[in-house]
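For reference, the structure discussed in these notes is given below.
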Amino acid sequence: MLEVRHLTKRFGGLAAVNDVSLTLNKGEILGLIGPNGAGKTTFFNCVAGAMQPSEGQVLLEGRELTGKKAHDVCRAGIGRTYQIVKPFGKLSVRDNVLVGALNQTRNVADARRIADEALELTGLADQRNVLAASMPLPRRKRLEIARALATGPKILLLDEVMAGLNPSEVELAIDLIKTLRSRGIAILIIEHLMRVITSVSDRIVVMHHGEKLAEGAPSAVMNDPKVVEAYLGEGFVAQD
Amino acid sequence: MSTMSTPSPKESIARRLAPVLTLLLLASLMALPLVVTDTYSLHFIWKVLFWAAIAAAWNIAGGYAGLFSLGHAAFFGLGAYTSILLYMQAGVSPWIGMIVGSLVALCFSLAIGLLTLRLRGSFFALATIAFAEVLRIAVVNGRDVTGGSEGLSVSFAPGLVNMIFQDRASYVVLMAAVLFVIGATTLLIERSALGYSLAALREDEDAAEALGIDTIRVKLIAIAISAFLSAVTGTLYAFYILLIEPTTVLGIGFSVEIALIAIIGGMGTVLGPLLGAILIVPLSEYLRAEFAASLQGLYLLIYGTILIVMVVFLPNGLISAIRDPRSVLRRVRRRKSASSRPEEKADA
Amino acid sequence: MTAIYIQLVVSGLLLGGIYALVSVGLTMIFGVSRIKNFAHGDLVMVGMYLTYALTTWTQLDPYLLVPVVTVALFGFGLLLSFALIRRIQGAPQVAQIFATVGLGLVLQNAALMIFGADFRTTNSEIAGNVLRFWGISLPLSLFIAFVVSMAVIACLTVFLRTSMVGKAMRAIAQDRRAASLMSIDVKFIDMLTFGLGTACAGLAGALLVPLYPVYPTIGANLVLISFVVVILGGLGSIEGALIGGLAIGLIETLSGFFIGSEMRQMAYFLVFIAVLLFRPAGLFGQRGSETLGS
C-alpha cells in the first residue's frame with residue numbers, strides 16, 4: 001500500500017536517513033524502532049511531506065507522493081501525529097478534530113459529525129467542549145490520534161503516541177490502535193517502549209544511524225544480534 | 001487561554017445569539033441617520049463607521065488569518081485611486097469604479113501573497129510595508145496621472161450615479177451598509193470551513209498542514225477578501241471626502257491606525273473592530289479638538305501608549321475584557337509573576 | 001567622467017557605513033532576543049534630537065557630544081528594555097510587532113510635541129570642511145561618520161567573539177534554553193543587548209546630525225532602510241549588516257544618480273522585495289532563519 005524506496009535525507013553533509021526502503025501492507029501494523037537519533041522522526045517527516053527527501057520515492061497505492069506538500073499528502077490519505085503534540089490550544093477538543101474532518105468534507109455540519117465519531121472512537125467524547133490547551137498530556141496524545149483519524153486516512157503515521165503514558169493508559173492506547181487497524185487503516189508506528197511495539201506490530205523495521213538495520217517479525221528482530229548490539233551501545237532498555 | 005472552562009449551556013445560548021445581536025446592532029447603526037440630522041453628528045457617525053469598516057476589513061487578514069499587515073493602506077488607496085481616476089478620466093460611475101478598484105486591490109494582494117506568504121509573521125508585516133511604500137512612491141512620482149503628492153480632488157457634482165450626495169445621511173447609510181456587509185462576511189467566514197481552517201493555522205501551521213489544510217491557499221483567500229473589502233471602503237472614502245492624497249491614503253501611518261483599531265477592539269472577532277472604532281474615534285476627535293493647536297501629536301502619542309498597554313496586557317482586545325472581565329485580572333496577575341519566570345519560549 | 005562614478009561609489013559606501021551602524025543594533029537585538037524592533041529608527045531619531053538639543057544648549061560641536069549621546073541612549077535602551085521589551089519577550093508575534101510600533105508612535109509624537117514638525121539642522125565647525133582627493137570631494141562629516149561606524153562595528157565584533165558577555169550573547173542567540181541552563185542570566189543579557197543596540201542607534205543618530213536635518217518621522221525611513229539592510233545581510237549577522245549596509249548605501253546613491261532622487265527609495269524597496277523572494281535567509285543568515293519570524 002505504502003511503498004518507500006531508498007529514502008535519503010541529508011542535512012548538510014549528514015545523512016539523517018540513509019537509503020531506507022520499506023513497504024506497509026493493507027491492514028498491517030508496522031513498527032519502526034531504533035535508538036535515539038536513529039532518524040525515525042525524520043523518516044516520518046519525509047513521508048508525510050513535512051520535509052522534502054533528498055533522494056528516494058514515496059508511493060501510496062502506486063501513486064507518487066515524493067516531494068508533495070504535507071496537506072497534499074494528507075489529502076492523498078496519510079494521516080500523522082506529532083511526537084511533540086501540537087493541539088490547537090484555543091480551540092475546543094471537538095473543533096480540533098473538526099478541522100481534521102474538513103479534509104473529507106467542506107461542509108461544517110458533516111465535519112462535526114465525522115469529528116464526533118472520531119471522538120467516540122478515541123474515548124474523548126465527554127471532553128469535546130474542553131479547550132485543548134487545558135487537557136493533560138495523555139488526552140492530548142489521544143487528541144492527536146483523533147484529529148489524524150478524522151482526516152479519513154488510509155494510513156496513519158503514529159509518532160510516539162504512548163510516550164509519557166502510564167501502564168493503564170498504554171493498554172487503552174494499544175486497544176485503540178488495534179481498533180483502528182480493524183477498521184482497515186494501515187499503521188506505521190514509532191515507539192520507544194519495546195513491550196508495546198512487539199505486542200502491537202505485525203512486523204518491525206529497526207533503524208540505526210539513519211540506516212535500516214533489520215526487518216522482520218517482532219520476535220526475530222528482537223533476537224537479531226545486530227539489533228541487540230545497536231541498543232546495547234546506548235544501554236539496553238527493552239524491559240521498561 | 002482566556003476561558004479555561006467548559007462552556008455552560010447559558011454561554012452557548014449567548015454564543016448562538018451573538019451573531020444575531022451583532023447584525024441587529026449594525027442594522028440599528030444604519031438607522032441612526034433617521035434620528036440624527038445635524039451635519040457634525042452625521043460626520044462623526046460616518047467616521048466611526050468608516051474606521052470600523054476598514055479595521056473590520058483588516059481584521060479578516062490580520063485577526064483571522066494571522067497576517068499582520070502594515071500595508072493595508074495600499075489596498076485602500078488602490079480602491080480610492082482607481083475609482084477616482086476612472087471617474088475623472090473616463091466618466092465611469094464610482095459604483096463600477098468601486099468594483100474595478102476592488103478587483104485591482106484583490107489582484108495586488110494576491111501578488112503580494114504569492115510572493116511573501118512563504119514568509120512568516122513579522123516578515124510578512126515588513127513585506128507589506130515595502131509594497132505599500134513602493135506604491136506610494138509610484139503614485140507620488142506618477143504626477144501626470146495621479147496628481148503626485150497634491151493628490152486628486154473631485155468636483156462636487158451630486159447624483160446617485162456619481163456616489164456624491166447632497167446630504168450626509170446618505171453617506172452614513174452607505175458606509176453602514178458596507179460595514180454590515182463586511183461584518184456579515186466575517187461572520188460567514190467564521191462559521192465556514194474556511195473559518196475553521198484559519199483558526200487552526202493561527203494556532204499551529206504545521207499541524208494544520210498535516211491535517212490537509214493548504215495553509216498558503218487559505219491565507220491567500222483571506223488576504224484577497226480583506227483587500228477587496230478595504231478597497232471598497234477606499235472608494236466610499238474618496239467620494240465622501242472628495243480628495244485623496246498619497247500621504248493620507250497610502251501612508252504607513254494610516255496602515256498602522258487601521259491595525260491599531262482592530263487590535264484595541266479585539267482581533268479575530270466580529271465586533272472587535274466596531275468596538276475599537278467606537279472607543280478610539282471619539283477619543284481622537286476630542287484630543288484633536290482640544291490639543292491640536294497647543295500640543296500637536298498628543299493624540300498619536302496617546303494612541304501609541306494605548307496600543308502598547310493593550311498588546312502587553314490585553315492582547316485579545318477590549319472585547320475580551322467585556323466577555324470575561326475576570327480573565328483580564330488573571331492575566332495581569334499572571335503577567336506579573338511571568339516576568340520573574342526564568343525561561344520563556346523564544347519564538348512562539 | 002570616471003571621477004563622477006568614483007565619487008558616487010565612494011559616497012555610496014560611506015553612506016552605507018552609517019546604515020550598517022544603524023542596522024547592527026537592530027540585527028543584534030534580533031539575533032539575541034528574537035525581537036524585531038519596529039521602533040529602531042525612532043531610537044536613531046531620539047539620538048539625533050538629543051544631539052541637536054545638547055548642541056543648542058551647550059553650544060559645543062556635535063562631535064564632542066557623540067559619547068554623551070551614546071551613553072545616554074544606552075541608558076534609555078536599558079530603561080525601555082526594563083519597562084517594555086522584557087514584557088514582550090517570547091510573546092506572540094502580534095504583540096512584538098505592535099508593541100514596538102506603538103513605541104515608535106510614542107517617540108515620534110513626543111518629539112513632535114517637544115520640537116515641532118520643522119526640520120532642524122545642526123552645524124558643526126568640523127563638518128563644514130570638504131575633503132578633496134583624486135578629483136573627488138567628500139564632506140568630512142560623512143567621512144567621520146563612516147570611520148566611526150566601521151570602528152564601532154569592528155569593536156562589537158571583537159566584543160562578541162572574545163568577552164564573556166559577548167560569548168553569552170552568542171550562546172543565547174544559538175539556543176536560549178540551553179544558554180539559560182548553562183546558568184547564563186538570559187534576562188540580564190537581553191537587557192544589555194537592547195541597551196547596546198539602542199546605543200548603536202543613538203551613536204548613528206549623533207553622527208547623522210551634521211549630515212541630515214532631523215524631523216519627527218525620520219525614524220520611519222530609517223527603520224525601513226535598516227530592515228532592508230538586515231534582511232539583505234541575514235538577520236542576526238553583524239557581518240551581514242555591514243555588507244548589507246554598504247550595498248544599500250551604494251544602491252541608494254547610484255539609483256539616485258541614474259533614476260532620480262525621488263525613485264531611490266523605490267530602488268531599495270525593490271531590492272528588499274527581491275531578497276525576501278529569492279533569499280529570505282539573507283546573504284549571511286543562518287539557514288532557515290526566515291522561519292524564525294514565525
Side-chain angles (χ1 to χ4, degrees), chain A residues 44-45 48-51 69-82 84-93 95-112 115 126-135 143-144 147-153 157 159, chain B residues 1-13 15 63-64 66 117-118 187-221 266-269 315-317 320 323-324 327 330-331 334 345 348:
Chain A
F44 255 38
N45 282 333
M51 288 176 182
K69 293 250 179 74
H71 60 86
D72 289 324
V73 173
C74 178
R75 188 77 17 122
I78 299 183
R80 68 146 329 160
T81 66
Y82 281 94
I84 298 157
V85 292
K86 293 170 180 282
F88 306 129
K90 288 179 200 162
L91 270 59
S92 71
V93 166
D95 286 351
N96 264 268
V97 183
L98 191 157
V99 169
L102 290 172
N103 190 46
Q104 297 193 53
T105 169
R106 300 307 288 169
N107 181 311
V108 174
D110 290 349
R112 192 168 285 129
D126 56 335
Q127 306 282 317
R128 67 177 58 146
N129 293 324
V130 175
L131 284 187
S134 64
M135 286 206 305
L143 177 60
E144 282 278 318
R147 251 179 5 183
L149 180 64
T151 64
L157 309 179
D159 194 350
Chain B
M1 280 181 69
S2 50
T3 48
M4 300 288 277
S5 57
T6 314
S8 63
K10 214 195 278 174
E11 265 176 291
S12 74
I13 290 169
R15 197 167 290 181
Y64 283 88
L117 282 182
R118 295 178 299 126
L187 209 57
L188 281 175
I189 292 174
E190 201 176 283
R191 268 129 216 279
S192 68
L194 175 64
Y196 281 96
S197 302
L198 288 171
L201 78 85
R202 225 159 51 220
E203 293 283 309
D204 192 312
E205 281 194 32
D206 292 334
E209 275 279 330
L211 295 175
I213 295 171
D214 186 344
T215 50
I216 302 240
R217 188 175 146 268
V218 170
K219 285 189 206 168
L220 275 178
I221 296 173
M267 285 191 301
T269 61
N316 297 321
S320 69
R323 278 188 186 156
D324 186 4
S327 79
R330 270 205 304 275
R331 195 180 162 83
R334 210 173 37 216
K345 259 198 293 174

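Computed over heavy atoms, backbone and side chain alike; hydrogens, waters and symmetry mates excluded. Numbered from 1 within each chain, the chains take letters A, B, ... in sequence-line order.
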Among A/Leu91, A/Thr151, A/Asp95, residue most engaged with chain B (heavy-atom pairs, under 4.5 Å):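 The option with the most such pairs is A/Asp95.
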Donor-acceptor contact below 3.5 Å, side chain B/Glu209 vs main chain A/Ala50: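 Not at all, since once roles are kept as given, no pair shorter than 3.5 Å links the two residues.
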Check [X] against [Y] and note the closest heavy-atom contact, atom names and distance.
| X | Y | value |
| --- | --- | --- |
| A/Tyr82 | B/Asp206 | OH-O, 3.3 Å |
| A/Cys74 | B/Leu211 | SG-C, 3.4 Å |
| A/Leu102 | B/Ser197 | CD1-OG, 4.1 Å |
| B/Ala200 | A/Val99 | CB-CG1, 3.6 Å |
| B/Ala207 | A/Phe88 | CB-CE2, 3.8 Å |

Approximate separation, where rounding is to 0.5 Å, of A/Asp72 CG and B/Asp214 CG: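 Those atoms lie 6.5 Å apart.
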Distance (rounded to the nearest 0.5 Å) between B/Asn316 CG and A/Lys90 NZ: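 With rounding to 0.5 Å, CG (B/Asn316) is 5.5 Å from NZ (A/Lys90).
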Within 6.0 Å of CZ in A/Arg106, more than 12 heavy atoms from elsewhere: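 Count over threshold, so yes.
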